[in-house]
Each structure stands twice: as structure tokens, then as C-alpha cells.
Amino acid sequence: MDNDWIVDYLRPRLARDNGEHLSRQLYRQLRELIGQRRLAGGSVLPASRALARAMQLGRNTVLSAYDQLAAEGYLESRHGSGTYVCDVFTNSTSQTSHSTAHARPLSQRGQRLTASSRLPVRKLGAFVPGLPELELFPHKAWQQCLARQQRSAPLEWLHYQHQGGLPALQSALSQYLYLTRSVRCEPEQIIIVPGAQNALTLLAQLLADPGDAIWLEEPGYAGAQAAMQAAGLRCQAIRVDEQGLRPDPEAAPPRIIYVTPAHQYPTGAVMALPRRLELLAHARRHCS
């Protein structure tokens with residue numbers, strides 16, 4: 001094939017053991033090449049049989065990826081000639097940069113979201129918050145468990161849910177929280193979210209309105225501050241001592257108080273019982 005470089009590019013990027021169908025992976029990689037203009041408008045793609053043979057794939061796998069790209073307007077089939085990238089992608093990168101430079105600015109909320117969602121840089125290695133040891137994670141066993149569960153999952157699990165999560169998982173978590181944290185809660189009081197940051201964002205939106213004040217530990221968890229700022233809340237930094245967050249009588253009455261009493265982050269301080277009672281009394285006066 002004259003475009004052997006496509007095969008060289010695609011071959012190491014197709015993961016045959018990650019659970020995602022190969023046709024979907026092939027579709028994503030080709031769409032990325034077109035979006036980056038590395039496959040410009042008018043470029044010819046390898047014939048499906050030739051690409052399947054070179055990639056050691058079934059031809060139907062390649063055809064499925066090609067058909068999806070054609071349906072979305074990325075490719076066009078020319079009878080007797082082959083499969084080509086559509087001419088709409090002939091714009092130069094300079095034209096793309098020009099249009100990006102004149103893009104409509106984000107809203108104030110959008111600017112807050114992008115400002116608070118940057119990932120930390122130059123923070124790799126041991127003892128880094130939020131960074132597990134991915135190399136030791138049992139990826140293969142995890143994928144096998146996912147695949148086995150997906151095969152046996154009932155059809156209703158694929159529909160929209162309104163009860164806050166899978167009931168069996170909610171029940172298991174309520175028992176676990178009682179045994180390990182002495183937290184008494186009913187399964188229906190538990191809401192399953194993708195991660196801690198999603199939970200903080202949801203809480204900020206449900207429990208407060210833009211402009212409301214919130215007390216945050218200083219020092220404290222930057223992710224919580226980012227979620228509250230993105231929700232438009234007025235974040236007030238409240239100092240932490242050896243007993244945890246110390247209520248500040250000079251600070252504005254808060255709508256929300258964010259604390260980590262069992263193991264303050266990042267100092268590790270445990271909030272003493274008198275401080276907890278003081279904070280609860282303060283919350284009854286101002287947060288309700």
C-alpha cells in the first residue's frame with residue numbers, strides 16, 4: 001500500500017485486550033487523524049481488505065469503522081476508486097487556527113470551570129494525592145470482571161436510572177459504612193457518582209445558590225475549593241489548627257461548612273469532640 005504509514009500508526013494503538021471493540025478503536029484513531037489534518041481532504045484510505053490483512057483484523061471490523069466514519073461525514077466512497085477523506089477537511093491548519101483565535105469567549109462560569117480543572121504538573125511519584133500506583137493495578141483481572149459482569153447484567157441496567165444508583169450496591173455500601181465508619185444510613189440515602197469531584201460539584205449545586213458563602217479549611221483540599229468556586233460560591237478560607245477547622249467569628253455566616261474531621265487533609269489532624277460540638281452549634285445558628 002502507498003499509505004503504509006497509516007498501518008504503522010494504527011497498529012500499536014489498537015489494544016486487543018482492553019474490552020473496547022476493535023472497530024470502535026479503529027474508528028476513533030482514524031477520526032483523530034482526520035481531525036488533526038494528518039489525513040487531509042481527498043486522501044485515499046487503504047482498501048478494507050488490505051487494511052484488515054495488514055492489521056490482522058477481520059474485514060467486517062474495518063468495514064464497520066469505515067461505515068461509521070462515512071455516516072458521520074468523514075469519509076466518502078467513490079465507486080471503482082476507493083474510500084476517501086471528504087473534501088470538507090481540506091482547510092489548512094492556519095485557517096483552523098484563525099477560526100480558533102476568533103472563537104466566542106467562554107461565559108464567566110465556563111472560565112471558572114476551566115481555571116479550576118487544570119491538572120497538577122511536575123507532581124509524579126510516591127505520596128502524591130489522587131495518583132494511585134497504576135502499574136501495580138490488576139488491569140487484566142479487572143477487565144475480566146467487567147466483561148463477566150456485563151455479560152450477565154440485566155437489560156434494565158442499561159436504561160436511565162432515577163434511584164441514585166444500583167440498589168444492590170447502595171445496600172452493600174450502607175452496610176459497609178455502618179461496619180467501618182459507624183454511619184447509619186438507609187440505602188436510598190446513598191447516591192452513586194463517578195468520583196469525589198462529581199459529588200462535591202453536585203452538593204455545591206444542590207445545597208447553595210451562587211453568591212452564598214462557604215467555609216473551607218485552610219490548608220485544605222483544592223478539589224473542594226475548585227468545585228465550590230465553579231458553582232459561584234463565595235469561598236472563605238478558615239484556618240486549621242491541631243484540632244481541625246477553627247470557627248472564625250469574624251467570617252461571614254456560611255451556607256455550607258466543608259470539613260474533614262476524622263483525618264484533616266492535608267495536616268492529618270483529628271477534630272476534637274468539643275470543637276465538633278462547637279461547629280455543630282455554629283451550623284445550627286447560621287447554616288439552616
Ignoring hydrogens and angles, tell me if any N or O in the side chain of S64 forms a donor-acceptor pair with the backbone of T61 under 3.5 Å. no
Do L63 and L39 belong together in a cluster built from hydrophobic side chains that touch within less than 4.5 Å? no
Counting neighbours of NE2 on H139 that are heavy atoms of other residues, nucleotides or ligands and sit closer than 6.0 Å, is the number greater than 12? yes
Student check: side-chain heavy atoms of V7 and M55 closer than 4.5 Å: yes
Look only at the side chain of R11 and the backbone of A54, and say whether a donor-acceptor pair between them is shorter than 3.5 Å. yes
Scanning both residues in full, the closest heavy-atom pair of I257 with H282 reads CD1-CD2, 4.4 Å
Donor-acceptor contact present, side-chain R37 to main-chain G35, <3.5 Å: yes
Any donor-acceptor pair under 3.5 Å linking the side chain of S174 with the backbone of S171? yes
With rounding to the nearest 0.5 Å, note down the distance linking CG in L207 to CD in Q205. 10.5 Å
Do V44 and L10 belong to the same hydrophobic cluster, where Ile, Leu, Val, Met, Phe, Trp and Tyr are linked whenever their side-chain heavy atoms lie under 4.5 Å apart, directly or via other members? no
Say you draw a straight line from CD of E242 to OG1 of T267; how long is it, rounded to the nearest 0.5 Å? 10.0 Å
As a quick check of understanding, evaluate side-chain contact (heavy atoms from CB on, under 4.5 Å) for R16 and L22, giving each step before the final call. CA-CA 7 Å; R16 299 174 185 268; L22 290 171; 3.9 Å; yes
Which value, rounded to the nearest 0.5 Å, describes the distance between L173 atom CG and I191 atom CD1? 12.5 Å
Could you check Y9 against E32 for side-chain contact (heavy atoms from CB on, under 4.5 Å), going step by step and ending with a plain yes or no? CA-CA 12 Å; Y9 176 88; E32 182 177 313; 3.5 Å; yes
State whether the number of non-hydrogen atoms from other residues, nucleotides or ligands found under 6.0 Å of Q150 atom CD is greater than 12. no
Between V240 and V270, is there shared hydrophobic-cluster membership here, with clusters defined by ILVMFWY side-chain heavy atoms closer than 4.5 Å? no
Is Q56 atom CD crowded by more than 12 heavy atoms from other residues, nucleotides or ligands, each under 6.0 Å away? no
Other residues, nucleotides and ligands only: do more than 12 of their heavy atoms fall within 6.0 Å of CZ on R184? no
Hydrophobic clusters here meaning ILVMFWY residues chained together by side-chain heavy-atom distances under 4.5 Å, can you tell me if W5 and L75 are in one? yes
Is a side-chain donor or acceptor of Q264 paired with a backbone partner of P219 at a separation under 3.5 angstrom? yes
The reported gap from CD1 in I6 to CG in L33 (rounded to nearest 0.5 angstrom) is 7.0 Å
Closest heavy-atom contact between A204 and L233? CB-CD1, 4.4 Å
Crowding at CZ, R78 (>12 non-hydrogen neighbours, <6.0 Å): yes
With side chains defined as the heavy atoms from C-beta onward, is the minimum distance between I190 and L177 less than 4.5 Å? yes
Does any N or O in the side chain of Q170 come within less than 3.5 Å of the main-chain N or O of Q163, such that one atom is a donor and the other an acceptor? yes
Once you round to the nearest 0.5 Å, how far does CD of E20 lie from OH of Y27? 11.0 Å
Would Q29 and Q25 count as having a side-chain donor-acceptor pair, cut-off 3.5 Å? no
Which atom names give the shortest non-hydrogen contact between L279 and P247, and what distance separates them? CD1-CG, 3.8 Å
Any donor-acceptor pair under 3.5 Å linking the side chain of R255 with the backbone of I214? no
Side chains of Y74 and L30 in contact at under 4.5 Å (non-hydrogen atoms): no
Of all heavy-atom pairs linking L245 and L216, the shortest is CD1-C, 4.3 Å
Of all heavy-atom pairs between G244 and R275, which one has the smallest distance, and what is that distance? O-NH1, 3.3 Å
How long is the span from the CD atom in Q236 to the CD1 atom in I256, to the nearest 0.5 Å? 12.0 Å
Answer yes if L26 and I34 sit in the same cluster of Ile, Leu, Val, Met, Phe, Trp and Tyr residues linked by side chain heavy atoms under 4.5 Å apart, and no otherwise. yes
When you look at CZ of R59, are more than 12 heavy atoms from neighbouring residues, nucleotides or ligands closer to it than 6.0 Å? yes
Verify the neighbour count for atom CG of L280: are there more than 12 heavy atoms of other residues, nucleotides or ligands below 6.0 Å? yes
Please check if the side chain of T201 supplies one atom and the backbone of Q197 the other of a donor-acceptor pair under 3.5 Å. yes
Output yes when a side-chain donor or acceptor of R276 lies under 3.5 Å from a complementary backbone atom of M271, and no otherwise. yes
With no hydrogens and no angle check, is any side-chain donor or acceptor of W215 less than 3.5 Å from a backbone partner on P253? no
Are L57 and L14 packed together at the side-chain level, in the sense that at least one heavy-atom pair is separated by less than 4.5 angstrom? yes
For V259 versus E217, what's the shortest heavy-atom pair and its separation? CA-OE2, 3.5 Å
